[in-house]
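On a predicted model such as this, the values are computed, not experimentally measured, just so you know.
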Amino acid sequence: MSANGGTKAIVAALLANVGIAITKFVAFLLTSSSSMLAEAVHSVADSGNQALLLLGGKRAKRAATPEHPFGYGRERYIYAFIVSIVLFSIGGLFALYEAYHKWSDPHGITEWQWVPIVVLVAAIIMESFSFRTAIKESNHVRGNQSWVHFIRRAKAPELPVVLLEDLGALVGLVFALFGVTMTLITGNGEWDAAGTAMIGVLLVVIAIVLAIETKSLLLGEGAEASDVAAIERAVTDGPEVERIIHMKTLYLGPEELMVAAKIGVPACESAQDLARGINAVEARIRAAVPTARVIYLEPDIYSVAAAEAGTGTAADTAADTVVPQPEAERSGG
């Protein structure tokens with residue numbers, strides 16, 4: 001994902017939410033509508049979330065240190081996870097509490113009745129521009145993926161987070177507009193409470209989805225199947241490697257993939273020839289998958305007999321039989 005594209009979407013959402021939050025708070029003070037209060041707090045939470053995403057992106061750019069030799073790329077995942085917590089607590093749970101409070105003491109909107117309608121319609125327009133920006137930036141990197149697959153498998157968390165937040169904001173505004181309109185028509189404040197409750201449930205669901213997806217990134221995800229296949233082709237597409245014995249991939253950050261593999265190589269006359277071959281393989285991997293920036297290749301001599309015996313994948317090529325190894329050595333493979 002383009003980091004600039006993610007930043008552009010975040011800034012657009014931040015500016016929209018700050019303006020929307022101010023107008024919603026003004027509308028709440030004039031009308032005492034619980035839907036307006038829930039939406040105002042929702043916009044404040046979203047604004048804070050976008051600030052967290054920007055902070056995470058900045059901190060992730062720090063250079064690697066001896067204590068953190070692979071850098072700080074995963075900080076973007078940490079801040080995205082914090083966003084899901086903020087959305088769940090400040091956004092969703094507060095809205096549900098406000099809905100319960102309003103349901104216990106329902107009252108209609110008797111003053112400034114036109115204000116919430118105007119504010120909500122204006123907020124929908126502003127939020128639509130933010131959502132449009134997020135969609136446009138996502139399409140640059142989404143390719144042919146479905147939206148569900150993009151949100152679930154994107155390694156950079158910013159665009160999926162902004163997309164879900166903007167979608168939740170638009171749907172929440174529709175819920176608020178429904179609650180306020182029905183309250184104005186019927187004079188019954190329970191409609192306002194119902195709209196607020198729908199906003200709360202929506203935000204809780206979105207927060208849970210974000211938490212689940214971000215947790216997977218924090219635990220560590222490997223490369224997509226297409227990238228794994230491209231790496232495998234790059235490794236074996238040359239005389240330097242006879243076969244891949246085993247390989248693992250891991251994202252150290254949204255734009256930094258680590259590749260570790262044990263490779264079966266033909267017999268070499270010198271260490272210099274071996275090193276030259278490994279360098280050629282690494283160059284092919286980086287050309288095939290540019291995000292593969294950290295590559296560790298362990299050369300070995302593959303032995304079919306050893307592999308079938310389950311005693312290791314490497315080799316005693318001088319004999320067809322393999323001497324059994326102690327259990328501790330087996331686990332090291």
Side-chain angles (χ1 to χ4, degrees), residues 1-3 60-74 76 141 143 153 155-156 217 219-333:
M1 185 199 92
S2 169
K61 294 178 181 178
R62 290 179 294 168
T65 64
E67 186 178 3
H68 299 280
F70 290 111
Y72 293 84
R74 286 196 179 185
R76 288 164 69 179
V141 295
R153 300 301 298 168
K155 305 306 178 184
L217 292 170
L219 289 175
E221 290 187 355
E224 289 284 319
S226 58
D227 285 341
V228 170
I231 293 171
E232 290 175 344
R233 287 193 299 269
V235 171
T236 57
D237 189 22
E240 303 88 359
V241 177
E242 293 180 337
R243 65 180 299 158
I244 297 173
I245 298 171
H246 60 74
M247 183 180 76
K248 293 183 180 180
T249 62
L250 178 68
Y251 271 93
L252 303 174
E255 293 152 2
E256 187 173 31
L257 178 67
M258 181 176 71
V259 178
K262 175 176 278 191
I263 54 177
V265 299
C268 297
E269 293 185 0
S270 68
Q272 186 176 10
D273 292 336
L274 179 61
R276 188 181 298 111
I278 290 177
N279 289 338
V281 174
E282 290 180 353
R284 290 201 301 267
I285 292 174
R286 292 191 173 97
V289 181
T291 54
R293 299 178 182 176
V294 180
I295 303 173
Y296 297 106
L297 299 179
E298 179 184 354
D300 209 336
I301 306 299
Y302 184 78
S303 168
V304 176
E308 291 177 350
T311 57
T313 52
D316 182 3
T317 56
D320 292 332
T321 58
V322 178
V323 179
Q325 301 175 6
E327 196 64 32
E329 293 183 24
R330 292 184 195 177
S331 61

What are the two closest non-hydrogen atoms of [X] and [Y], and how far apart are they?
| X | Y | answer |
| --- | --- | --- |
| Ala230 | Ala288 | O-CB, 4.0 Å |
| Ala223 | Val228 | O-CG2, 3.8 Å |
| Thr236 | Glu232 | OG1-O, 2.9 Å |
| Arg286 | Arg293 | NH2-O, 3.4 Å |
| Glu240 | Gly277 | CG-CA, 3.5 Å |
| Phe70 | Glu256 | O-OE1, 3.7 Å |

Lys262 and side-chain contact (heavy atoms from CB on, under 4.5 Å): which single residue from Asp300, Ile244, Leu297 fits?
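Among Asp300, Ile244, Leu297, the one that satisfies the side-chain contact (heavy atoms from CB on, under 4.5 Å) with Lys262 is Asp300.
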side-chain contact (heavy atoms from CB on, under 4.5 Å) partner of Val259, chosen from Val294, Asp227, Thr249, Val289:
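Testing each of Val294, Asp227, Thr249, Val289 against Val259, the sole residue satisfying side-chain contact (heavy atoms from CB on, under 4.5 Å) is Thr249.
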To the nearest 0.5 Å, what is the distance between [atom1] on [X] and [atom2] on [Y]?
| X | Y | atom1 | atom2 | result |
| --- | --- | --- | --- | --- |
| Lys155 | Leu252 | NZ | CG | 12.5 Å |
| Ile295 | Met258 | CD1 | CE | 11.0 Å |
| Arg74 | Leu219 | CZ | CG | 8.5 Å |
| Glu224 | Tyr251 | CD | OH | 7.0 Å |
| Ile263 | Ile245 | CD1 | CD1 | 8.0 Å |
| Asp273 | Ile278 | CG | CD1 | 11.5 Å |

Would you say Arg284's side chain and Val235's backbone share a donor-acceptor pair under 3.5 angstrom?
yes
